[in-house]
Amino acid sequence: MSSRPRPPAAVNPLPAAVLGLAVVIFGVECLFQLADRGIIGGTGGMGLRLGALEHFAFYGQAFDWMVTNHRFPPELIAQFVTYPLLHISFVQAVMACVFILAMGKMVGEAFGNVAVLAIFFGSSVGGALAYGALLNETFPLIGAFPGVYGLIGGFTFMQWVRQKAVGESQMRAFQLIGLLLGAQLVFGALFGARNDWVADIAGFACGFGLSFLFVPGGWARLREKLRNR
């Protein structure tokens, strides 16, 4: 009995790294929601989110202390990659997951799972470095959005390459980031906003730059460009 060919899937499956990131972030937020309601941990569980933010969010003061004292304790270094997994509200976490699924799917299909993780966490680290070095904020850096903007940077890189291939203006590739930053500016002007947009822009720049290294032959091209300077 001959087997029939399977019809193509209507929707391509999500890359494992993208799905994994979204599941971890949403799972952490669900844990906080259960604790906030006293379902787990009883009354003591209501402080779970605050305790996690105290230990795993990124603090500019801690960064300044490390730079000043030339000491880099592992628990403070870990904050560079733990803060994007924490959020201050359910809505913020869901929005982060939506962007990760959308942007990460396109980046993952083009570059692979390793690239998704490298761009997301590399951009998160870059965003934290900019936040700590350029600002004097007492409020910690929280949330996945510097990493999300890094994935947007990866998507922008793909569009940038595509525009060049078809002979169109490469500036069109930056329409999405321009729209997002414009919306963020308007929202901040109307409702007030923290200065974490600095981390978002740095995350975008890191994501765009890191994407070059995942193009076939990217390392060789980079070495050649540096050699010819």
Side-chain angles (χ1 to χ4, degrees), residues 6 8-36 39-40 48-49 51-53 55-58 74-129 131 140-159 176-177 180 196 199-200 202-216 218:
R6 294 181 179 180
V11 179
N12 292 332
L14 287 166
V18 176
L19 185 60
L21 274 176
V23 167
V24 169
I25 289 172
F26 189 72
V28 169
E29 182 57 33
C30 286
L31 184 66
F32 289 155
Q33 290 294 319
L34 293 174
D36 289 345
I39 297 175
I40 59 173
L48 181 62
R49 187 191 300 270
L53 295 181
H55 290 93
F56 301 112
F58 176 82
E75 63 271 18
L76 296 184
I77 294 295
Q79 292 175 355
F80 282 91
V81 293
T82 55
Y83 84 86
L85 306 179
L86 310 174
H87 295 83
I88 60 175
S89 70
F90 182 79
V91 172
Q92 187 191 32
V94 169
M95 288 180 61
C97 288
V98 169
F99 274 103
I100 287 171
L101 293 174
M103 295 291 105
K105 182 178 188 296
M106 289 179 282
V107 173
E109 289 175 347
F111 297 146
N113 286 300
V114 172
V116 169
L117 296 177
I119 291 173
F120 180 84
F121 285 106
S123 300
S124 297
V125 171
L129 287 172
Y131 189 83
L141 181 61
I142 306 165
F145 282 96
V148 166
Y149 271 79
L151 294 175
I152 294 172
F155 171 75
T156 301
F157 178 85
M158 292 161 51
Q159 297 295 104
L176 176 59
I177 186 63
L180 289 174
D196 50 7
D200 296 340
F204 172 83
C206 289
F208 188 90
L210 286 170
S211 297
F212 180 83
L213 303 180
F214 294 99
V215 175

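The basis for the numbers below is simple: all heavy atoms, side chains too, and nothing from hydrogens, waters or symmetry mates. The shown structure was predicted, so the numbers you read here are calculated from the model rather than taken from an experiment.
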Quick check, are the ring centers of F80 and F58 under 6.0 angstrom apart?
yes

Would V107 and F214 count as a side-chain contact (heavy atoms from CB on, under 4.5 Å) if you check the C-alpha gap in whole Å, the side-chain angles of each, and the deciding distance to 0.1 Å?
CA-CA 10 Å; V107 173; F214 294 99; over 6 Å; no

Do you know which two heavy atoms are closest between I142 and L86, and how far apart they sit?
CG2-O, 3.2 Å

Distance (rounded to the nearest 0.5 Å) between F155 CZ and M103 CE:
5.5 Å

About how many Å separate CZ of F32 and CG of L53, when rounded to the nearest 0.5 Å?
6.0 Å

Distance in Å, L19 CG paired with K105 NZ, rounded so as to fall on 0.5 Å steps
12.0 Å

Hey, does the side chain of H87 reach the backbone of A144 with a donor-acceptor pair shorter than 3.5 angstrom?
yes

Can you check whether F204 reaches I152 side chain to side chain, under 4.5 Å on heavy atoms?
yes

Counting C-beta onward and ignoring hydrogens, is there a side-chain heavy-atom pair between P74 and I77 closer than 4.5 Å?
no

Non-hydrogen atoms of L151 and V116 that approach each other most closely
CD2-O, 4.1 Å

So for atom CZ, which belongs to F99, do other residues, nucleotides or ligands contribute more than 12 heavy atoms lying within a distance under 6.0 Å?
no

Does M158 reach the side chain of F111, with side-chain heavy atoms less than 4.5 Å apart?
yes

Residue pairs meeting side-chain hydrogen bond (donor to acceptor under 3.5 Å, both in side chains), one or both in residues 15-32, sequence neighbours left out, come to E29-Q33, E29-R49

Extract all donor-acceptor atom pairs below 3.5 Å that involve side chains of residues 88-98 and protein atoms in other chains or at least two apart in sequence.
{"from": "S89", "atom 1": "OG", "to": "Q92", "atom 2": "N", "distance (Å)": "3.2"}
{"from": "Q92", "atom 1": "OE1", "to": "I88", "atom 2": "N", "distance (Å)": "2.9"}

For L76, side-chain contact (heavy atoms from CB on, under 4.5 Å) partners two or more places apart:
A62, W65, M66, P73, Q79

All N/O donor-acceptor pairs, side-chain side in residues 117-124, below 3.5 Å, sequence neighbours left out:
{"from": "S123", "atom 1": "OG", "to": "I119", "atom 2": "O", "distance (Å)": "2.7"}
{"from": "S123", "atom 1": "OG", "to": "G203", "atom 2": "O", "distance (Å)": "3.2"}
{"from": "S123", "atom 1": "OG", "to": "G207", "atom 2": "N", "distance (Å)": "3.2"}
{"from": "S124", "atom 1": "OG", "to": "F120", "atom 2": "O", "distance (Å)": "2.8"}

Check ring pair (Phe, Tyr, Trp, His ring centres under 6.0 Å) between F157 and all other residues, then give those that pass, not counting sequence neighbours.
W160, F208

Distance in Å, T156 OG1 paired with Y149 OH, rounded so as to fall on 0.5 Å steps:
11.0 Å

What distance do L48 atom CG and L34 atom CG have between them, rounded to the nearest 0.5 Å?
10.0 Å

Between A16 and N113, what is the shortest heavy-atom contact and its length?
N-OD1, 3.1 Å

Quick test of your reading: applying salt bridge (Lys or Arg N to Asp or Glu O under 4.0 Å), list the pairs with at least one residue in residues 74-88, sequence neighbours left out, ordered by first then second residue.
none

Can any side-chain N or O of D196 pair as donor or acceptor with the backbone N or O of L141 at less than 3.5 Å?
no

Considering non-hydrogen atoms only, spot the tightest contact between A202 and G127 and give its length.
CB-CA, 4.0 Å

Is any side-chain heavy atom of P146 closer than 4.5 Å to one of Y131?
no

Enter the distance from L21:CG to L85:CG here, rounded to the nearest 0.5 Å.
7.5 Å

